[in-house]
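Take a look at the structure below.
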Amino acid sequence: PLHEEVQRRIGQNRINELFEDFFRRVPHGSTSSPMRYVYFLHYKVTSLNERRNTFFTRLVAFRKGTMEEKDYSFRFIIDGKEIEAKEGQSVLEAALAANVFIPHLCSHPDLEAKGGCRLCSVEIEGGSGAVPACETMAKDGMRLRVSGPEAEKVRKMAMELILATHPADCTGCPKYGRCELQSMYQYMGVSPERWRKKSRSTANDDSNPLISHLFTRCVRCGRCIRACQDLRGVKVLDYIKTDAGVRAGIPEGKS
Ligand code: FES
């Protein structure tokens, strides 16, 4: 049978590793068919007793929220600095936890990373181009550069494009001094001027008595949409096309 052939070829240890990986991904909602296949493989190649001790015990613990945190810590290098990380942590999460700052905007600790803003771009030694740190899993021994030329280029360009259509009147903004975007572009030393177009003039939406939506200031990070879809499970917010471009909102027909 196929599962015996796979077991013979890739070995029990590798199947166990994939199985552990499966469990780490489940909380993030990834139940893609390859992962389901890993579960199936593990099921097929372990004895009933082993299954009782691994899968069922852990599933019950997972459901009760008491799954033990296994210590899979390892080290990797960012710009010459050694960082300690745990299996399942992204490069961005591990770096921030170790007080190594990588600019970021669209990621949020409670949301699955989508790699939208590209401010967190980093270079992996031996790789080509820049990759988003929020979507790249930290790996034992990997070496990265935050300030490599490729990463800097992508990050600066991404920030300039965000700022290109953003209103320039920071001092008149109610978020002045408490704004992530403002802190981020000042930290990066990016000037909005190179790409400055006319600011978008999407009308505010004041239809809600409690929340005023100032769409000209929206940077389309998508956090509100992901929170609505993934955390609340309501799925009422989405990207919608308007004459003034794409913005977050409630598509027609939803309420
Ligand atoms: Fe990684 Fe936005 S924070 S792409």
Side-chain angles (χ1 to χ4, degrees), residues 24-25 27-30 32 76-79 81 83-139 142-166 170 175 178-192 194-195 200 215-231 237-240 245-249:
R24 280 199 305 278
R25 281 164 198 254
H28 301 294
S30 170
S32 60
F76 70 106
I77 312 276
I78 295 184
D79 286 341
K81 185 170 182 223
I83 307 272
E84 186 156 318
K86 287 200 174 120
E87 278 282 337
Q89 263 186 326
S90 70
V91 167
L92 181 64
E93 285 166 338
L96 295 179
N99 290 326
V100 171
F101 186 69
I102 301 177
H104 55 282
L105 196 66
C106 70
S107 77
H108 187 280
D110 294 335
L111 300 170
E112 194 175 345
K114 276 286 183 264
C117 72
R118 299 281 153 165
L119 295 191
C120 66
S121 294
V122 291
E123 290 170 27
I124 302 176
E125 204 175 279
S128 65
V131 292
C134 63
E135 274 199 311
T136 305
M137 286 296 136
K139 289 204 178 72
M142 86 196 300
R143 289 174 168 269
L144 300 142
R145 286 202 300 168
V146 180
S147 49
E150 272 296 314
E152 286 286 354
K153 193 167 136 198
V154 174
R155 184 171 22 259
K156 285 204 161 168
M157 174 78 80
M159 180 54 101
E160 284 177 345
L161 289 174
I162 293 173
L163 295 174
T165 53
H166 198 77
C170 277
K175 290 282 279 179
R178 296 175 291 123
C179 168
E180 273 180 69
L181 180 65
Q182 188 186 19
S183 325
M184 215 61 81
Y185 85 73
Q186 287 173 348
Y187 173 86
M188 287 167 57
V190 171
S191 151
R194 189 155 74 109
W195 297 87
R200 290 170 296 152
F215 289 114
T216 44
R217 300 192 189 272
C218 170
V219 293
R220 287 156 291 185
C221 64
R223 283 185 194 171
C224 60
I225 295 173
R226 280 177 284 150
C228 178
Q229 299 194 343
D230 303 342
L231 292 183
L237 285 180
D238 210 336
Y239 288 107
I240 52 176
V246 176
R247 69 165 171 83

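These numbers come from the heavy atoms of this one structure, side chains and all, not from hydrogens, waters or symmetry mates. Start at 1 and go down the list; that is how both ligands and their atoms are numbered.
- Evaluation of the side-chain contact (heavy atoms from CB on, under 4.5 Å) rule for Ser107 yields Leu92, His104, Cys134 as partners, not counting sequence neighbours.
- In this structure, the side-chain contact (heavy atoms from CB on, under 4.5 Å) partners of Lys81, at least two apart in sequence or on a different chain, are Val100.
- Between Phe101 and Val146 there is no side-chain heavy-atom pair separated by less than 4.5 Å.
- Between Arg226 and Glu112, every side-chain heavy-atom pair lies at or beyond the 4.5 Å cut-off.
- Here salt bridge (charged side-chain N to carboxylate O under 4.0 Å, His left out) pairs that include residues 123-133, with residues two or more places apart or in two chains, are Glu123-Arg145.
- For the pair Val190 and Arg155, the minimum side-chain heavy-atom distance is 4.5 Å or more.
- Among protein atoms, those of element N, O or S found less than 2.8 Å away from atom 2 (Fe) of ligand 1 are Cys106 SG, Cys117 SG.
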